[in-house]
K.L.:
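Handing you this structure, nothing more for now.
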Amino acid sequence: MPTLNMLQAINQALDIAMAEDEKVLCFGEDVGGFGGVFRATSHLQERYGKARCFNTPLVEQGIIGFANGLAAQGSVPVAEIQFADYIFPAFDQIVNETAKFRYRSGDLFNVGGLTIRAPYGGGISGGLYHSQSPEAYFAHTPGLKVVIPRNPYEAKGLLLASIRDPDPVIFFEPKRLYRASTGEVPEEDYQLPIGEAEITREGTDVTLLGWGAQMEVIDKAVELAEKDGISCEVIDLRTLLPWDEDTVAESVLKTGRLVVTHEAPQTGGFAGEVAAAIQERCFLYLESPIMRVTGLDTPFPLTLEKEYMPDHLKIHEAIRASVNY
Amino acid sequence: MPTLNMLQAINQALDIAMAEDEKVLCFGEDVGGFGGVFRATSHLQERYGKARCFNTPLVEQGIIGFANGLAAQGSVPVAEIQFADYIFPAFDQIVNETAKFRYRSGDLFNVGGLTIRAPYGGGISGGLYHSQSPEAYFAHTPGLKVVIPRNPYEAKGLLLASIRDPDPVIFFEPKRLYRASTGEVPEEDYQLPIGEAEITREGTDVTLLGWGAQMEVIDKAVELAEKDGISCEVIDLRTLLPWDEDTVAESVLKTGRLVVTHEAPQTGGFAGEVAAAIQERCFLYLESPIMRVTGLDTPFPLTLEKEYMPDHLKIHEAIRASVNY
Amino acid sequence: MTTTADIHEPKFMAGDEFSIPTFRLLTQDGTLHEGAEAPELDRDKARHIYHAMVATRVLDERMMAAQRQGRLSFYMQCTGEEAAVVGATAALDDADMIMAQYREQGALVYRGFTFDEFMNQLFGNELDYGKGRQMPIHYGSRKLHYMTISSPLGTQIPQATGYAYGQKLAGDGLCTTVFFGEGAASEGDFHAALNMAAVHKVPVIFFCRNNGYAISTPSIEQFAADGVAPRAFGYRMHVIRVDGNDVLAVYQATQQARRLAVEQNQPVLIEAMTYRLAAHSSSDDPSGYRSKKEEEAWREKDPILRLQRWLIARDWWSDDEEKALQESLRREVLETMKRAEKRPPPPLDSMITDVYADVTPALQRQLDALKSHIRQYPEAYPKGARSLDPDVTRRDDNADKGES
Amino acid sequence: MTTTADIHEPKFMAGDEFSIPTFRLLTQDGTLHEGAEAPELDRDKARHIYHAMVATRVLDERMMAAQRQGRLSFYMQCTGEEAAVVGATAALDDADMIMAQYREQGALVYRGFTFDEFMNQLFGNELDYGKGRQMPIHYGSRKLHYMTISSPLGTQIPQATGYAYGQKLAGDGLCTTVFFGEGAASEGDFHAALNMAAVHKVPVIFFCRNNGYAISTPSIEQFAADGVAPRAFGYRMHVIRVDGNDVLAVYQATQQARRLAVEQNQPVLIEAMTYRLAAHSSSDDPSGYRSKKEEEAWREKDPILRLQRWLIARDWWSDDEEKALQESLRREVLETMKRAEKRPPPPLDSMITDVYADVTPALQRQLDALKSHIRQYPEAYPKGARSLDPDVTRRDDNADKGES
Ligand SMILES: Cc1ncc(C[n+]2csc(CCOP(=O)(O)OP(=O)(O)O)c2C)c(N)n1
Ligand SMILES: Cc1ncc(C[n+]2csc(CCOP(=O)(O)OP(=O)(O)O)c2C)c(N)n1
Ligand SMILES: [Mg+2]
Ligand SMILES: [Mg+2]
């Protein structure tokens, strides 16, 4: 199997989707001839023409408004927002329109064909506006699906599934991993399930839950914890909305402990949802409080980014605190 | 003391703030001569002139962009968004700009003078787009303050405090109570503290937490519960960001039980944050899981609104479930 | 990049260098303006247009009355603007997509949306295609190519650009027409939509109803420019301003705009100058912000009367027919309203369907919990409790949902 | 409401009826165009302008080189656009607010932002006014009335309208100038800003740097119109298009725009036609989307050389002075860079200050927890661990933060 980085895997998924279905279109700022500022859409315009892969004017609310209309018409738009930090001008189109299109029309119309791709997350010296993790905003919005891959293999399979999913999907790509994460990726077409978490490591003492780039960080923390003799079960949530409560709850019923981590600020972050739901379902089995290892409740910093990040050391400490509670 | 409804109390607060400080300006769609579609800004243009109270063009992102600039200049804008459902076109200006203005500039510039008022919430047969409770989106945004009053007295005191607060405040007004909630309101200028929850009823068996229009609903549920012999402590959170964890935690340490309620959909709603934080702080004292009574994870419906709402009966059932766990 | 001339003295322009005239054909008497020629329009089509305008007016008047009586929670009239919307719709192919704001019921009437269909939406009953989820007036019809209305203003404008781009790729010779008010044109989405349409050469018609007001805000507080039309120059887009109370002019302008859109992939902006004769909605009282005198002046420009006079002059219409039409329409409104009022609400399950294509396990759990709660307190939730009763025959959700 | 003429035949306009000329004074030789007159500009001011343009160029070249060497994480040049920004700034009152996009370092140089101040921001050290929170090039200076840059595009445009409205109410005779690219002008915020400024008669100058590209996107894929200037007609706003590489023309146009803004509360749109000669940023390589030939053609229109020739022709500048200036600037850049690199990072406490006016209890708890964590692993957080050391003398946070 060829070894690809995450960008190559994403590019391959787009290529497969466009080759298979001429209704699939890719567009966004600099997405056309240039292939996107991260080159995720490289060569797609060459292969599928300017009508199907193109630059848009610089207006995110327009990109998603346009994409909503296209999807309603029956096309399968894959719209790129250049950085997740710049998805907010499109917030109204996403939260009031995309998310509610099918419901409000009684399923006369829907924008299920829509996929929104956006690089997100920190660790690249991006400061306030090239580092944000806005997933929790969208995970509070019924009607959307929110999907985040942790490595190239997952990226390809989940992106293909997202494009073909009958509901609109926001696909956040951990940009820190774009070139840093490499792995074997089958050349052929395959899909990974949306709405299902994956247990990436089995263990008995504590459950670790994360998504995206945090999975790598969790793995490093788990290595440290296993040296302390703590057996960790690791879950990649993969889909934040609708999220796979059952898999997480079953794991916690077994381990009795849960640590959830994300880069976004703690207050109102998605770890809160997980903690709330799991304490309710697993109350009598919990041996220690569910812990959250997250970004600080501040905008994203630059010089002190390392200090801000929920890194493996902080997660390791949380694992210890959870086990020794 | 005169009896006012919530709109009159809000109008009085704006009047006092404008009379006291000529830097205070009120604007928004239909806010000028007409006094706003709910008449919250009645007579302000007459009294303070068109330069200080005026209609804006119909563009929420412009209203808040304009307000951010005004606040940075040293004015004290009170911008109205006609319905909270229409705040999303301004999401970028609020989340990327308002919230981060002071931090990113190292306090060279700030928009602390800004207050954004918006009617929110259901119960008025408004369907998807005149009923939403978007507070959780903003409560996940460090740099903002989010304040919600439960009655006319609170509305006046909290709004005056918000306008004068050195940080930007989003002030959500439970529109179902605009005319329905009446009460004694002192004529003079007074302020209520931002960032402090209020215990509105003391009790020993279970803590009930809410904000805005849900406080009235909680009170009805508590009446039922007290008939069952359950002693309820009721807390109005009042400020969602930054929220008063200490007051809630102290109460739960005493009662051992917590029910949180809001109208917004459950997943990713602010009750999740409260549950996550409180289970961590009060773990050993909790006698039952923290329960959430919220809207469904759907857009807001119309005909079946009553079924959707987290009403007193549902809260009463949750109280029972919590106590009988 | 630009290729314009040079000047060596600073000279500011402000758009007063040119002006955009108003295209008119019919006078209020029903005669043609001097030099004007009527568009090709046969008797049947002219009567169809007229019938749709009158039916819209009757529906509006009756439903506003019903709202005043407390039978309906909310209503919005389009009185005074019937010519703009019906005239435009008549110029389109019936399969062209229409994306409306909320004051375009005339387009639906023209395309054959029945009073029953209107009523089911207005009363949010079990036959409402929207399953009782949105406020009254949020109509939609898939079979009539009329996108379900959404309350947030302006959002439909870039959606129309996208929809039409899809139509262009599909190559089916259709276009999209999007209606919006001069107020909504202030939204950022308007700018995005027109610019993208011009850049990507999209077959879309942007139809602005400039009716003078956005709720209480007069258009002079909405923009400083001479209307919305001059904005087209900023996108290098074709534009025409038309008398919105002149159905013949609107019809002809839209017909030609459609040709530009479909044959040349040229988006077009049409600004129809008209007036919102009624209140903004049943929640509004315009006496707080405009004069009776102003309203009167516009009432004299009634677009329906104008067309009627033209038809009568051509012997295409008569007073008797008018009387019969008015009566039958009124009767029909009352009958359909009664039917719709009596229909049961949508079933409880409709609370969680259509959030996603398939109901998620979490939503199913929430519904199940809600159902057992309602079983405990059936009197508190009369609408919901209905569908718990196993005797209630539930309609097949998928039958006749305006699909075809 | 409009007051235009009537027509009785449908006629579409598309803005080709008029065109917006380009205002130019200086030829590339440094001579005046025929019929052109130089603006009033004394020797000192002309040299100040020239100095600022050259200093900006030198700073850009050196810092991009430093970035290439890995000394700096990121950089953005404004090469080729110095005349547009410095010329405009020179025409303003020094107390006028400037809201920039990110390619307007020339304005700061002109107003006296020192190389030390630039470097402290670029290296995000403890002297950075922004406390090391934003990426390089996000400068701000309160004392120089230069709003701290924010990366989201377009957001500063309506903010400028609001700021200027406040200035108008304050009655201090000042205005706001907001700079943005032709790409950013596609954002919805642009539309909001210009419309609101025209309606509310706000003393604001919208200065569009049309440099042909938004990263890789050429302006023909950004808009179909002849540049950004014609949009002004849509708002009934004064507009002028100017040769952005002609500092005299930019200076004079801005001077007159400022007069319209401050004396008549007329907002003005200025479109400066120029070219982004360098890459978009240090992360970009333009060879993927444009030709060397195109770049060469524009390199010949160098705005600095053009002004230099004009100055030399008037005996206001000499080759010797040029040499001395270049040398001293280069030396200064190197010295200040070295100083800034060596400075420590901002203290740990700066992680939680300025989120709110006062640190909240929750944030204090988060910082305390972070501190004890760092105490456990000091080697893992070298920057943070520094400020735990009680020996490190921490700077008074409030001293000299560009306040006055
Ligand atoms: C985004 C958004 N903001 C505000 C509103 C509230 N609102 C509903 S209608 C209206 C006025 C619309 O005026 P216009 O576009 O001119 O249409 P008209 O009512 O005149 O037909 C307003 C402000 C809304 N529905 N959506
Ligand atoms: C809202 C937003 N969207 C996207 C970006 C990413 N981005 C940064 S610069 C840029 C191009 C800007 O082009 P233009 O406005 O013409 O300015 P120029 O770089 O040419 O000076 C883009 C797309 C951003 N910073 N903000
Ligand atoms: Mg209107
Ligand atoms: Mg540019």
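Order of the sequence lines sets the chain letters (A, B, ...), proteins ahead of strands, with each chain counted from 1. Being a predicted model, the structure only gives us computed values, none of them experimental.
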K.L.:
Among C/P345, C/G188, C/P136, C/A369, which residue has the highest count of heavy-atom pairs closer than 4.5 Å to chain B?
P.N.:
C/G188

K.L.:
Could you tell me whether the side chains of B/N55 and C/Y289 share a donor-acceptor contact shorter than 3.5 Å?
P.N.:
no

K.L.:
Using every non-hydrogen atom in the two residues, find where C/D285 and B/F34 come nearest and quote the distance to one decimal.
P.N.:
O-CE1, 4.2 Å

K.L.:
Atom CD of B/E60 and atom OG of C/S186: how far apart are they, to the nearest 0.5 Å?
P.N.:
10.0 Å

K.L.:
Measuring only between side-chain heavy atoms, which start at C-beta, is C/S150 closer than 4.5 Å to B/Y129?
P.N.:
yes

K.L.:
I'd like to know whether B/E307 forms a side-chain contact (heavy atoms from CB on, under 4.5 Å) with C/L348, so could you lay out the CA-CA distance, the side-chain angles of the two residues, the decisive distance to 0.1 Å, and finally the verdict.
P.N.:
CA-CA 8 Å; B/E307 285 68 17; C/L348 253 186; 4.0 Å; yes

K.L.:
At a 4.5 Å cut-off on heavy atoms, which part of C/A185 comes close to chain B: side chain, backbone, both, or neither?
P.N.:
neither

K.L.:
Heavy-atom pairs under 4.5 Å with chain B - which of C/H280, C/R133, C/H138 has more of them than the others?
P.N.:
C/R133

K.L.:
Decide yes or no for C/Y381 and B/M309: does some side-chain heavy atom of the first lie under 4.5 Å from some side-chain heavy atom of the second?
P.N.:
no

K.L.:
Can you find a pair of side-chain heavy atoms, one from C/L153 and one from B/L58, that are under 4.5 Å apart?
P.N.:
yes

K.L.:
Is there side-chain contact between B/K306 and C/K383, with heavy atoms separated by less than 4.5 Å?
P.N.:
no

K.L.:
With rounding to the nearest 0.5 angstrom, report the CG to CG distance, C/L370 to B/L296.
P.N.:
6.0 Å

K.L.:
When rounded to the nearest 0.5 angstrom, what is the spacing between OG1 in B/T298 and CD in C/Q366?
P.N.:
8.0 Å

K.L.:
Give, for atom CD1 of C/I215 and atom CD of B/Q82, the distance between the pair rounded to the nearest 0.5 Å.
P.N.:
4.0 Å

K.L.:
Would a 4.5 Å heavy-atom cut-off, applied to side chains only, mark B/Y86 and C/S151 as touching?
P.N.:
yes

K.L.:
Of all heavy-atom pairs between B/L302 and C/G132, which one has the smallest distance, and what is that distance?
P.N.:
CB-O, 3.2 Å

K.L.:
Go through the side-chain N and O atoms of C/E187 and B/Q61 and say whether any donor and acceptor fall under 3.5 Å apart.
P.N.:
no

K.L.:
Chain C heavy atoms under 4.5 Å from B/H316: which part of the residue, side chain, backbone, both or neither?
P.N.:
side chain

K.L.:
Is the backbone N or O of C/S216 less than 3.5 Å from a side-chain atom of B/D30, with the two atoms forming a donor-acceptor pair by type?
P.N.:
yes

K.L.:
I'd like to know which of B/P57, B/G127, B/P301 tops the heavy-atom pair count under 4.5 Å against chain C.
P.N.:
B/P57

K.L.:
Roughly how far apart are B/L128 CG and C/M135 CE, rounded to 0.5 Å?
P.N.:
11.0 Å

K.L.:
Any side-chain heavy atom of B/D85 sitting closer than 4.5 Å to one from C/P152?
P.N.:
no

K.L.:
If every non-hydrogen atom of B/T303 is compared with every non-hydrogen atom of C/P346, which pair is closest and at what distance?
P.N.:
CG2-CD, 3.8 Å

K.L.:
Roughly how far, to the nearest 0.5 Å, is the CD atom of C/E221 from the OG1 atom of B/T56?
P.N.:
10.0 Å

K.L.:
May I have the step-by-step check of side-chain contact (heavy atoms from CB on, under 4.5 Å) for C/F74 and B/H130, ending in yes or no?
P.N.:
CA-CA 12 Å; C/F74 177 82; B/H130 294 82; over 6 Å; no

K.L.:
Side chain, backbone, both or neither: which part of B/Y308 has a non-hydrogen atom closer than 4.5 Å to chain C?
P.N.:
both

K.L.:
Under a 4.5 Å heavy-atom cut-off, does chain C meet the side chain of B/V31, its backbone, both or neither?
P.N.:
neither

